[in-house]
Amino acid sequence: MTPLTENPFTLGVASGDCLPDSVVLWTRLAPRPYEPGNGLPAEGAVDVQWELACDESFRQLRRSGTVPAPAADNHTVHLEVRGLDPGGVYWYRFRVGRWISPVGRTRTAPAPDAVPDGVGFAVVSCMQYDEGYYTALGHLAREDLDAVLCIGDYIYENAINAQAGAREYTDAPLPEFFDHWTWNLTDYRLRYALGKSDPDLRAAHAAHPWFVTWDDHEVENNYAGLVSQNNDPVDVFRARRAAAYQAYWENMPLREALRPTGPDMPLYRRFHYGRLAQLDILDTRQYRSDQAYGDGWKYPGPESEDPARTITGDVQERWLLDGLSASTARWNVIAQQVAFSRRKNTTADRSEVSMDAWDGYPASRERVLAGVERAGVENLVVLSGDVHVHYAMDVKRDFDDPGSRTMGVEVVGTSVSSGFDGEERPDDWNLMLAANPHMKYYDARRGYVVVTLDRSRLQADFRTVSGVVTPGGDISTAARFVSEAGAPGFSRA
């Protein structure tokens with residue numbers, strides 16, 4: 001191949017899916033990231049050298065080698081480095097010719113029988129490029145974390161104008177290509193390139209390993225299985241989903257075993273942080289029943305309450321319940337997409353609820369809670385996103401009875417940029433808190449959540465930024481909540 005004359009590492013580096021002895025290292029070669037094919041040959045592969053070291057200066061080199069970046073995978077690298085030390089911190093980088101990538105920092109998980117003093121995760125979701133800068137992720141890059149949990153809406157499928165919407169670009173307008181909705185593989189590949197062009201996103205990937213899962217916008221808003229929002233013909237939507245899933249796998253630090261086959265991709269999976277935490281990552285889009293009553297906020301009824309309806313699919317549900325039953329971890333953490341706890345929008349006995357969240361699939365929620373109860377799980381933690389707000393909620397055994405047993409806690413993290421700047425107390429702030437006594441906190445600004453676990457308690461720090469429609473916003477901890485091990489329920493710290 002002719003030597004590259006332009007920097008191919010414009011989209012940065014990433015790592016993820018940490019095991020005690022292994023991590024995935026990722027990069028995408030893109031000297032021209034806004035062009036189909038990245039400005040590289042349409043066939044063959046580019047050889048990429050890599051190094052992993054125990055120090056940032058790469059004097060203590062631990063592993064090195066060469067790996068191909070195939071054109072068929074849009075010149076992405078998914079390198080599964082094995083034989084590493086449990087609980088280790090490592091630095092890595094890539095090289096093509098004279099070009100060297102940014103340096104990334106990653107961590108392996110603790111040994112299976114270890115009981116770490118603590119573990120810290122950041123929960124992020126909802127990065128709509130044209131509704132604001134990824135300011136929160138620049139601050140997240142400077143956090144002391146074990147990993148980042150990205151629980152959906154890494155990209156959005158909408159058309160983006162030359163000014164990038166709220167970003168209001170003037171000096172460097174975007175190519176006209178982005179000003180249409182994503183439908184095919186090229187569309188989705190370039191949309192990831194656009195997102196990864198944000199320096200704060202690249203910094204957050206380089207700083208921490210990520211565990212990722214998708215929600216809806218990686219394909220199309222509120223799709224359900226093979227049912228599109230606009231009821232497109234199934235064969236048309238199947239092709240769109242296949243393109244979206246391929247681009248997702250290409251652009252995330254995911255293992256080869258998760259590579260999609262057409263419109264199918266086995267994304268749900270389980271990880272352990274020693275005996276302190278079991279992490280179950282769900283997919284509530286690919287296998288779900290269609291939303292009841294035409295979606296939106298509707299009154300529950302026979303259609304939504306049909307016990308045959310599912311948000312996870314039967315196979316994933318059984319996998320989750322079997323895993324909870326077998327767990328010996330102090331904390332059982334479920335990272336997934338949409339609000340798990342009930343959210344009424346009125347104080348009346350009968351209220352509308354979201355048909356797209358677990359409220360629209362109450363039989364699924366009941367089966368999970370019954371499984372948690374049978375398994376004797378004491379410290380359940382549900383991490384959710386999607387709704388562009390912060391919530392701290394107690395997970396009740398019976399949401400109709402505020403005095404019923406608290407089964408665990410749910411942390412809903414706000415968006416990184418979706419929804420523009422947001423506001424601390426939106427118009428329904430008083431109503432939502434009054435209608436949902438298990439809801440302990442509600443804030444509609446942008447940001448992320450840092451969740452810290454140790455043997456005695458969980459702490460959730462709800463971070464918010466001062467704004468995202470202009471760059472350079474400040475970060476603050478708007479609220480801090482704790483839940484004691486063995487006595488679940490949020491209280492303000």
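Every heavy atom of this structure was used, including side-chain atoms; hydrogens, water molecules and symmetry mates were not.
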Quick one: list whatever passes ring pair (Phe, Tyr, Trp, His ring centres under 6.0 Å) with F177, sequence neighbours left out.
H180
Spell out, as yes or no, whether a donor-acceptor pair under 3.5 Å connects the side chain of S404 to the backbone of D398.
yes
H390: what forms a ring pair (Phe, Tyr, Trp, His ring centres under 6.0 Å) with it, not counting sequence neighbours?
F462
Which residues satisfy the side-chain hydrogen bond (donor to acceptor under 3.5 Å, both in side chains) test with H272, sequence neighbours excluded?
Q278
Within 45° cone of Y223 ring axis and under 6.0 Å: R241 NZ or CZ:
no
If you measure from the Lys or Arg side-chain nitrogens to the Asp or Glu carboxylate oxygens, is any gap between E250 and R28 under 4.0 Å?
no
Tell me, yes or no, whether the heavy-atom count around D314 atom CG, taken from other residues, nucleotides or ligands under 6.0 Å, exceeds 12.
no
Counting heavy atoms not belonging to D349, are there more than 12 under 6.0 Å from its CG?
no
Test: ring pair (Phe, Tyr, Trp, His ring centres under 6.0 Å). Region: residues 343-367. Which pairs qualify, not counting sequence neighbours?
F340-W358
Would a distance-only check, ignoring hydrogens and angles, find a side-chain to backbone donor-acceptor pair under 3.5 Å from Y442 to R425?
no
Would you say the side-chain atoms of D179 and N161 include a donor-acceptor pair closer than 3.5 Å?
no
Salt bridge (Lys or Arg N to Asp or Glu O under 4.0 Å) partners of D130, counting only residues at least two apart
none
Does any donor atom in the side chain of Y154 or S125 lie under 3.5 Å from an acceptor atom in the other side chain?
no
Distance-only side-chain donor-acceptor flag, R255 / S22, under 3.5 Å
yes
Does S351 offer a backbone N or O that forms a donor-acceptor pair with the side chain of K344 under 3.5 Å?
no
Taking side-chain hydrogen bond (donor to acceptor under 3.5 Å, both in side chains) as the test, write out the residues that go with R270, two or more places apart.
D280
Begin from the C-alpha positions of T213 and Q336 and carry the test side-chain hydrogen bond (donor to acceptor under 3.5 Å, both in side chains) through to its verdict.
CA-CA 8 Å; T213 186; Q336 55 91 54; over 6 Å; no
Check: V219 main-chain N/O paired with Y188 side-chain donor or acceptor under 3.5 Å
yes
Does S418 use its side chain to pair, donor to acceptor, with the backbone of Q128 at less than 3.5 Å?
yes
Report yes or no: do N332 and S327 form a side-chain donor-acceptor pair below 3.5 Å?
yes
Would you say E176 has more than 12 foreign heavy atoms packed within less than 6.0 Å of its CD?
no
Would you call D421 and R445 a salt bridge, using N to O less than 4.0 angstrom?
no
Are R167 and Y133 in a cation-pi setup, meaning NZ or CZ lies under 6.0 angstrom from the ring centre and within 45 degrees of the ring axis?
yes
Would you check if V77 and L29 make a side-chain contact, meaning some heavy-atom pair closer than 4.5 Å?
no
Looking at S417 and Y134, would you say the former's side chain and the latter's main chain have a donor-acceptor pair under 3.5 Å?
no
Checking R367 now: which residues fulfil side-chain hydrogen bond (donor to acceptor under 3.5 Å, both in side chains) with it, not counting sequence neighbours?
E317, S364
S228 side chain vs N231 backbone, donor-acceptor pair below 3.5 Å
yes
Residues at least two apart in sequence or cross-chain that pass ring pair (Phe, Tyr, Trp, His ring centres under 6.0 Å) with W214, listed by chain then number, are Y245, Y248
Do T406 and K396 have side-chain atoms, one donor and one acceptor, less than 3.5 Å apart?
yes
Name all residues meeting the side-chain contact (heavy atoms from CB on, under 4.5 Å) criterion together with D235; count only those two or more places apart in sequence or in a different chain, and write none if there are none.
P233, R238
Output all residues satisfying side-chain hydrogen bond (donor to acceptor under 3.5 Å, both in side chains) with N436, sequence neighbours left out; order by chain, then residue number.
none
Quick one: list whatever passes ring pair (Phe, Tyr, Trp, His ring centres under 6.0 Å) with H208, sequence neighbours left out.
none
When you measure from the side chain of D153 to the backbone of H217, do you find a donor-acceptor pair of N or O atoms at a distance under 3.5 Å?
yes
For the pair Q316 (side chain) and T312 (backbone), establish whether a donor and an acceptor sit closer than 3.5 Å, ignoring hydrogens and angles.
yes
For S384 and Y391, run side-chain hydrogen bond (donor to acceptor under 3.5 Å, both in side chains): C-alpha distance rounded to whole Å, both residues' side-chain angles, the deciding distance at 0.1 Å, then the answer.
CA-CA 9 Å; S384 314; Y391 293 132; over 6 Å; no
Show your working on side-chain hydrogen bond (donor to acceptor under 3.5 Å, both in side chains) between T477 and R463 and close with a plain yes or no.
CA-CA 4 Å; T477 301; R463 308 271 204 252; 2.8 Å; yes
Exactly one candidate in I334, V412, I281, V451 meets side-chain contact (heavy atoms from CB on, under 4.5 Å) with L383; the answer is V451
Does any pair with a residue in residues 291-323 pass ring pair (Phe, Tyr, Trp, His ring centres under 6.0 Å), and if so which ones, sequence neighbours excluded?
Y268-W319
Test log, rule side-chain hydrogen bond (donor to acceptor under 3.5 Å, both in side chains), inputs D386 and Q337
CA-CA 6 Å; D386 177 60; Q337 293 74 22; over 6 Å; no
Does any N or O in the side chain of R189 come within less than 3.5 Å of the main-chain N or O of D187, such that one atom is a donor and the other an acceptor?
no
Sort out for me which residue in R342, K298, R365 forms a salt bridge (Lys or Arg N to Asp or Glu O under 4.0 Å) with D359.
R365
